[in-house]
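Letters A, B, ... mirror the listed sequences (proteins, then strands); counts begin at 1.
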Amino acid sequence: MTTTVDARGLACPQPVILTRKAMQQSNQIQTLVDSETSMTNVSRMAKKAGWQVNVVSAEDEYRIDLQKGDGAPAASPQAVGKAEAISGPLVLVVSSDVMGRGEAELGNILVRGFFHTLGEVEPLPQTIIFYNAGVKLACEDSPVLDDLHDLESQDIEMLVCGTCLGYFELTEKLAVGLVSNMYDIAETILGAGKVVNL
Amino acid sequence: MDEYSVVLFHSASHAIRAEKVLLQVGIPNKMIPTPRQLSSDCGMALRFDRAEKDNVARTLAEHKVPINGIHAL
């Protein structure tokens, strides 16, 4: 039996929360959303939990068909034990548009130097999370945009806090990475083997 | 592949001034940490298209920004 979750008109992260609840009670779900961000967030959450995902879009609406998979979840934090979590991925957290505290002018050149160097050193983070003023670095006119594009082309996942983009009125200016929510961000940080704060 | 040179400085404040001067006269450049093989200090350098070398040297001299050498990358 298919459970339908009508999340149209709901703001992030409601569609993800409602879908997740339904996933605990049903093996087959249909979630309706009306924004691309909600569609990608719901899809990503379900894929991570090992579900099969199929999206049908019509005009501004999306129907996400979700089918519980047979195998183990891809990377569900619930299924990851403590020991495994310690050997999890390296995650870089960028919570400011400058590096360090003190002089902003200096912090600006340091952050530019950092992202330039990131392309040349090991190990690379699996995911970079941008929140608070850090989201400015992922938007148009960012001094590190070229470097971030290079990193993205090396398959480094970039999650950008949607709440923060909205706060700074930068949602339309996002130039790299995926608009993300606190669920993804919290899961990624908690599931990391190591978190580095810039 | 693009060929670059870098200009090194004695201090970060000189690098900041040089960046402004070069952008004013329209020479594209990128501020990067001084490459390891050139110096072990933690300074910043400006990377630019190698063809602009004479232009960069002359512009910074005209604007009296002290430099610590120009190197090919």
Side-chain angles (χ1 to χ4, degrees), chain A residues 90 92-125 128 130 133-156 158 173-177 196-198, chain B residues 1-53 55-57 59-61 63-73:
Chain A
L90 173 61
L92 173 65
V93 170
V94 182
S95 58
S96 166
D97 58 342
V98 295
M99 190 170 177
R101 287 176 204 152
E103 291 297 325
E105 186 181 45
L106 180 59
N108 173 273
I109 64 172
L110 294 180
V111 83
R112 288 152 61 191
F114 178 81
F115 280 103
H116 172 80
T117 310
L118 202 52
E120 299 177 359
V121 293
E122 298 276 329
L124 281 177
I128 305 177
F130 298 88
V135 301
K136 292 178 186 174
L137 294 177
C139 293
E140 285 169 26
D141 302 328
S142 152
V144 299
L145 210 48
D146 290 344
D147 292 318
L148 293 181
H149 280 302
D150 286 348
L151 293 166
E152 195 174 46
S153 69
Q154 294 178 55
D155 282 336
I156 295 177
M158 299 197 194
K173 306 254 183 196
L174 183 67
V176 67
V196 175
N197 282 281
L198 188 59
Chain B
M1 217 181 103
D2 298 327
E3 291 205 298
Y4 294 113
S5 289
V6 283
V7 50
L8 309 190
F9 302 92
H10 296 286
S11 85
S13 59
H14 293 161
I16 293 171
R17 258 171 61 203
E19 181 189 33
K20 283 181 187 148
V21 165
L22 293 182
L23 288 178
Q24 264 169 22
V25 300
I27 301 174
N29 65 85
K30 181 180 186 188
M31 190 170 301
I32 64 171
T34 304
R36 270 183 193 151
Q37 69 270 25
L38 296 180
S39 164
S40 59
D41 73 14
C42 56
M44 301 299 292
L46 294 182
R47 188 186 74 173
F48 53 89
D49 196 325
R50 198 173 290 178
E52 298 280 5
K53 185 187 166 191
N55 224 350
V56 167
T59 305
L60 294 180
H63 288 80
K64 298 194 168 46
V65 183
I67 67 170
N68 191 17
I70 292 180
H71 303 263
L73 269 189

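When all heavy atoms of M44(B) and G113(A) are compared, the pair lying nearest together is CE-CA, 4.0 Å.
No more than 12 heavy atoms of other residues, nucleotides or ligands shown are found within 6.0 angstrom of CG on D155(A). Atom CD of E140(A) sits in a crowded spot, with more than 12 heavy atoms from other residues, nucleotides or ligands closer than 6.0 Å. Enclosure of atom NZ in K30(B) by more than 12 non-hydrogen atoms of other residues, nucleotides or ligands within 6.0 angstrom is indicated.
To the nearest 0.5 Å, atom CZ of residue R112(A) and atom CD of residue E19(B) are 4.0 Å apart. Separating the CD1 atom in I109(A) from the CD1 atom in I32(B) is a distance of 12.5 Å, to the nearest 0.5 Å.
Between H116(A) and R47(B), the closest side-chain pair of non-hydrogen atoms falls below 4.5 Å.
Ion pairing of E105(A) with K20(B) is present here, as a side-chain N (NZ or NE/NH1/NH2) and a carboxylate O approach within less than 4.0 Å.
Heavy-atom distances place the side chain of D147(A), and not its backbone, under 4.5 Å from chain B.
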